[in-house]
Amino acid sequence: MAKYPFSDIEAKWQAYWDEHQCFRTPDEIDTSKPKYYVLDMFPYPSGAGLHVGHPEGYTATDILARYKRMKGFNVLHPMGWDAFGLPAEQYAVKTGTHPRETTATNINRFREQLKAIGFSYDWQREVSTTDPDYFRWTQWIFLQLYRKGLAYQAEIPVNWCPELGTVLANEEVIDGKSEVGGHPVVRKPMRQWVLKITDYAERLLQDLDGLDWPDSIKEMQRNWIGRSEGAEVDFAVQGHPDKTIRVFTTRPDTLFGATYMVLAPEHPLAVDLASPEQKDAVLAYRESALRKSELERTELQKKKTGVPTGGYAINPVNGEAIPVWVADYVLWGYGTGAIMAVPAHDDRDFEFATQFQLPITTVVAPVEGSADPGVAFIGEGLAVNSGLIDGLPTAEAKQKITEWLASQGKGQAKVNYKLRDWLFSRQRYWGEPFPIYFVDGEARPVPEEQLPLTLPDVESYKPSGTGESPLSTVEHWLHITDPVTGKPAVRETNTMPQWAGSCWYFLRFIDPKNDTCLVDPGKEKYWMPVDLYVGGAEHAVLHLLYARFWHKVLYDIGVVSTVEPFQRLVNQGMILGEIEYTLFRDGNGHAVSADLVDGEGNHKQTGMALTAEKLTDAEVEKRGEGFVWKQDGAIRIAARAHKMSKSRGNVINPDVVIEQYGADSLRLYEMFMGPLEQVKPWSMRGVEGVYRFLGRVWRMIVDEDTEQLVAAVVDTEPSPEQNKRLHQTIRKVTEDIEALRFNTAISAMMEFVNEATRWTERPRKVLSTFVSLLHPFAPHIAEELWQRLGNDGNLSSHPWPDYDPACLVEAVIKIPVQVNGKTRGVIETDAEAGQEAVVEAALSLATVQAQLEGKTLRKVIFIPGKMLNLVVG
RNA sequence: GCCCGAGUGGUGGAAUGGCAGACACAACGGACUUAAAAUCCGUUGACCGCAAGGUCGUGUGGGUUCGAGUCCCACCUCGGGCACCA
């Protein structure tokens with residue numbers, strides 16, 4: 001028996017699409033047609049190849065791309081590589097292989113794998129961030145940032161990782177260890193390039209409102225930007241008439257409750273202010289605070305530390321002298337690096353004041369009731385003990401005191417952001433070189449016409465050890481002559497972070513071969529913004545924020561026409577491994593119930609390490625909320641799907657799935673698992689389910705013995721029932737694709753097939769239309785069946801079917817009859833029937849009559865065509 | 001601690017405030033087969049009942065409504081993000 005021959009079909013159509021360039025988006029197009037730019041977050045081509053998480057988003061976008069093409073849109077659906085980055089460099093350090101070679105190998109593998117899934121990318125637009133023709137423009141954008149004063153150098157303490165020999169961004173440090181490799185990280189001052197993203201904080205915040213993005217992502221970005229309104233207040237310093245301490249506060253209304261002040265350890269006034277007897281203590285404290293690694297800071301969060309400077313500041317509203325402390329709970333990087341402490345109304349100040357026995361003065365009272373004296377009252381209320389603002393509610397009190405401060409020249413309203421400038425350099429080899437050189441220590445831009453500035457080959461990829469990148473050891477590359485002055489010059493040896501190339505790649509896809517500008521303005525105007533951008537939620541903040549920042553800069557200099565790059569964003573949910581049932585055993589082999597096991601796999605009571613044993617679903621049974629072991633019902637079994645990881649051994653390789661079930665099954669299963677945005681566990685049995693469905697589709701049309709069309713395929717006109725089922729399916733699939741509800745679209749097609757396979761006569765027209773609906777999801781089998789059904793041309797360029805509402809109307813419908821809101825029966829009635837007729841029919845039902853026994857009909861709720869509810873009592 | 005999101009059969013999930021559990025998996029029964037696989041047909045939320053039918057049922061407790069998985073309030077659990085940002 002010739003079963004649905006997926007591997008032949010898939011190879012055949014992939015070759016066909018390639019040969020005929022079916023998915024090519026030409027440079028010159030009919031721009032009177034609507035456009036659809038559907039984009040995936042391009043991958044980092046790792047050595048491990050594709051995992052099943054990649055094709056999830058890619059299948060979703062491919063369905064949209066194929067659907068929109070059939071709908072008559074010009075579609076831009078490109079793919080490329082975010083190929084700079086640490087893994088290839090670490091591999092180079094280990095093996096001496098040039099990262100360029102590793103990257104090329106990995107890219108080829110990825111491209112092959114993606115092609116094997118049948119994605120309809122326009123491969124002629126492929127770009128790689130590592131290609132000099134690409135990063136030429138990354139460097140060009142950097143020069144524009146530099147010219148606008150948005151790129152500057154600063155000597156700042158950074159996360160220095162001795163093990164990796166490089167500096168890490170905050171987001172690459174997790175619990176004081178490097179995200180990659182888990183090596184310890186310490187703070188070390190270094191000269192860095194920094195991008196002034198903070199200049200764009202307000203616009204990055206404001207423009208979120210107009211975007212069709214998940215609320216959670218917008219909220220995360222808002223929190224990251226962290227706008228807060230308040231006031232800056234200047235405190236005079238006792239005994240130092242030339243100095244003031246400026247603080248930022250969001251609660252200027254609590255100024256009368258400031259009982260001490262705190263400076264960040266880095267604050268220059270900390271030492272200036274220190275009294276002779278405190279100076280040594282302050283210096284020692286600063287030293288230890290600066291040396292603390294991120295890890296220590298995190299660990300020490302539990303207990304606040306600090307020392308008094310011995311100096312005093314004057315509260316501008318009441319002239320009181322209050323002590324000034326140094327403590328590392330105040331951050332140098334936010335606001336002014338100094339605060340006024342109001343322990344009565346701030347949790348952190350309260351904790352500190354309690355610990356060091358500093359006075360606590362209440363200046364805000366709750367509007368109703370009284371505040372708990374054991375904690376800080378941080379809510380809004382009415383000002384008390386507060387002079388000119390006494391009795392005012394918080395909002396008014398803030399305003400009035402701020403105005404008063406301004407009139408006295410002692411403060412003003414101020415907005416602050418949590419967002420920090422973007423540390424933009426890395427001490428690595430495998431990244432874009434900065435188009436910058438130094439003459440007499442002065443930074444100079446490399447002339448634009450000399451771009452790209454390419455990476456030299458190096459002897460060794462090992463970090464130089466000093467913290468500088470391997471580039472600092474390449475003498476012939478490093479030393480140049482300044483073309484302007486003729487003086488000797490040295491190149492910048494830092495390289496750009498991986499984020500750089502991904503900040504603008506969506507623009508290059510529009511015009512990938514242009515060598516006079518990064519994107520042709522006409523093409524940009526037509527294609528931008530990206531209509532749908534799909535990718536993982538792990539990029540919720542950084543990539544999306546950085547890309548938005550660059551885009552706004554490019555907008556400001558007239559390179560792009562939209563203020564935002566990504567109009568609609570969808571995050572696909574992570575795919576977890578198969579659900580695992582785990583039985584725990586102690587050292588003696590005795591089973592331990594899962595509720596006695598902690599997160600690390602140790603016994604909660606004895607702390608003993610336990611061994612985990614995987615069980616099959618036949619060995620467990622559901623009891624109450626969880627699962628128990630069939631052999632011993634007292635033993636609870638942990639039932640959970642885990643994140644796929646090499647160490648856990650639960651990684652699913654898409655190649656294996658394609659080999660066993662075919663690319664169409666892989667695509668279909670990825671979409672059938674559940675809603676796109678949701679986290680969901682993989683199940684090989686689920687793959688088999690959709691594979692069987694495709695087999696049924698095949699056998700609905702093709703005879704497995706003869707390889708010819710089955711006899712039931714006829715050229716008769718479809719019956720009204722057949723038309724109804726078909727047009728219901730068209731409507732459902734169309735609406736579901738538009739709404740990205742691919743799982744229910746597939747269900748609808750399954751329902752169609754379940755019914756159609758029972759038809760002894762299957763009109764060719766109906767089957768052809770069905771196959772065109774299936775096409776975006778399972779393109780190979782669809783193209784093959786389309787052809788076998790005798791249709792001309794490739795299905796990819798065939799128009800999407802419209803449904804005919806006339807086929808959907810029903811003469812007789814079923815209406816549920818409820819009594820007091822509970823369904824007691826169903827009546828069949830004319831679709832147009834009025835209330836009277838329906839009630840009459842309902843009352844004739846025996847089940848309804850039984851419910852009405854001895855009761856009075858009080859009310860009738862009738863929704864025409866929907867339902868009937870009889871209210872009785 | 002704070003901010004999001006989610007809790008529905010044995011499992012993944014479906015339901016514009018209107019018949020809860022579509023579709024699929026698993027399980028069970030049957031057909032085909034020497035047998036198995038594949039395929040096809042059927043049953044499948046729990047409980048009571050020979051049946052007709054009934055009772056209960058969407059994390060928990062309240063509320064709004066003729067009617068709540070869906071809306072409101074409080075709580076519990078899980079997942080994600082942030083975390084001394086003044």
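This one's a predicted model, so the numbers in the text were calculated from it and none came from an experiment.
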Check your understanding: Which is true for Asn743(A) with a 4.0 Å heavy-atom rule: it touches a base, it touches only sugar-phosphate, or it touches nothing?
Key -> sugar-phosphate

Exercise for review: Taking only the side-chain heavy atoms of Val330(A) (C-beta and beyond), determine which of rA24(B), rC82(B), rA86(B) contains the nearest atom.
Suggested key: rA86(B)

Practice item. Flag yes if more than 12 heavy atoms outside Lys643(A) fall under 6.0 Å of its NZ atom; otherwise flag no. Key: no

Exercise for review: Pick base, sugar-phosphate or nothing for Phe672(A), based on heavy-atom distances below 4.0 Å to the nucleic acid.
Suggested key: base

Exercise for review: With heavy atoms under 4.0 Å as the rule, sort Ser747(A) into base, sugar-phosphate or nothing.
Suggested key: base

Check your understanding: Do the side-chain N or O atoms of Arg222(A) get closer than 4.0 angstrom to the phosphate oxygens (OP1, OP2) of rC82(B)?
Key -> no

Review point. Does a salt bridge link Asp209(A) with Arg222(A), judged by any charged N lying under 4.0 Å from a carboxylate O?
Key: yes

Check your understanding: If you check the Glu751(A) side chain, which of rG12(B), rC23(B), rA24(B) turns out closest?
Key -> rC23(B)

Review point. Taking for each residue the nucleotide of RNA chain B with the nearest heavy atom, is it Asp215(A) or Tyr669(A) whose nucleotide lies nearer the 5' end?
Key: Asp215(A)

Review point. Does rC40(B) have OP1 or OP2 sitting under 4.0 Å from an N or O in the side chain of Arg699(A)?
Key: yes

Point to revise | Nearest-nucleotide pick for Met220(A), side chain only, options being rC19(B), rC82(B), rG81(B) | key: rG81(B)

Review point. What is the nucleic acid contact for Gly226(A), judged by heavy atoms within less than 4.0 Å: base, sugar-phosphate only, or nothing?
Key: nothing

Check your understanding: Is the distance from OP1 or OP2 of rA26(B) to the nearest side-chain N or O of Arg692(A) less than 4.0 Å?
Key -> yes

Check your understanding: Closer than 4.0 Å, any side-chain N/O of Asn754(A) to the OP1 or OP2 of rA22(B)?
Key -> no

Review point. Do the side-chain N or O atoms of Ser228(A) get closer than 4.0 angstrom to the phosphate oxygens (OP1, OP2) of rA86(B)?
Key: yes

Practice item. Look at all strands and tell whether Lys866(A) reaches a base, only sugar-phosphate, or nothing, counting heavy atoms closer than 4.0 Å. Key: base

Revision key, fill the gap. Whichever of Val690(A) and Gly674(A) has the more 5' nearest nucleotide on RNA chain B, that residue is Gly674(A)

Review point. In whole angstrom, what separates Glu688(A)'s CD from rA37(B)'s C1'?
Key: 12 Å

Practice item. Assign Ser683(A) to base, sugar-phosphate, or nothing according to its heavy-atom contacts below 4.0 angstrom with the strands shown. Key: nothing

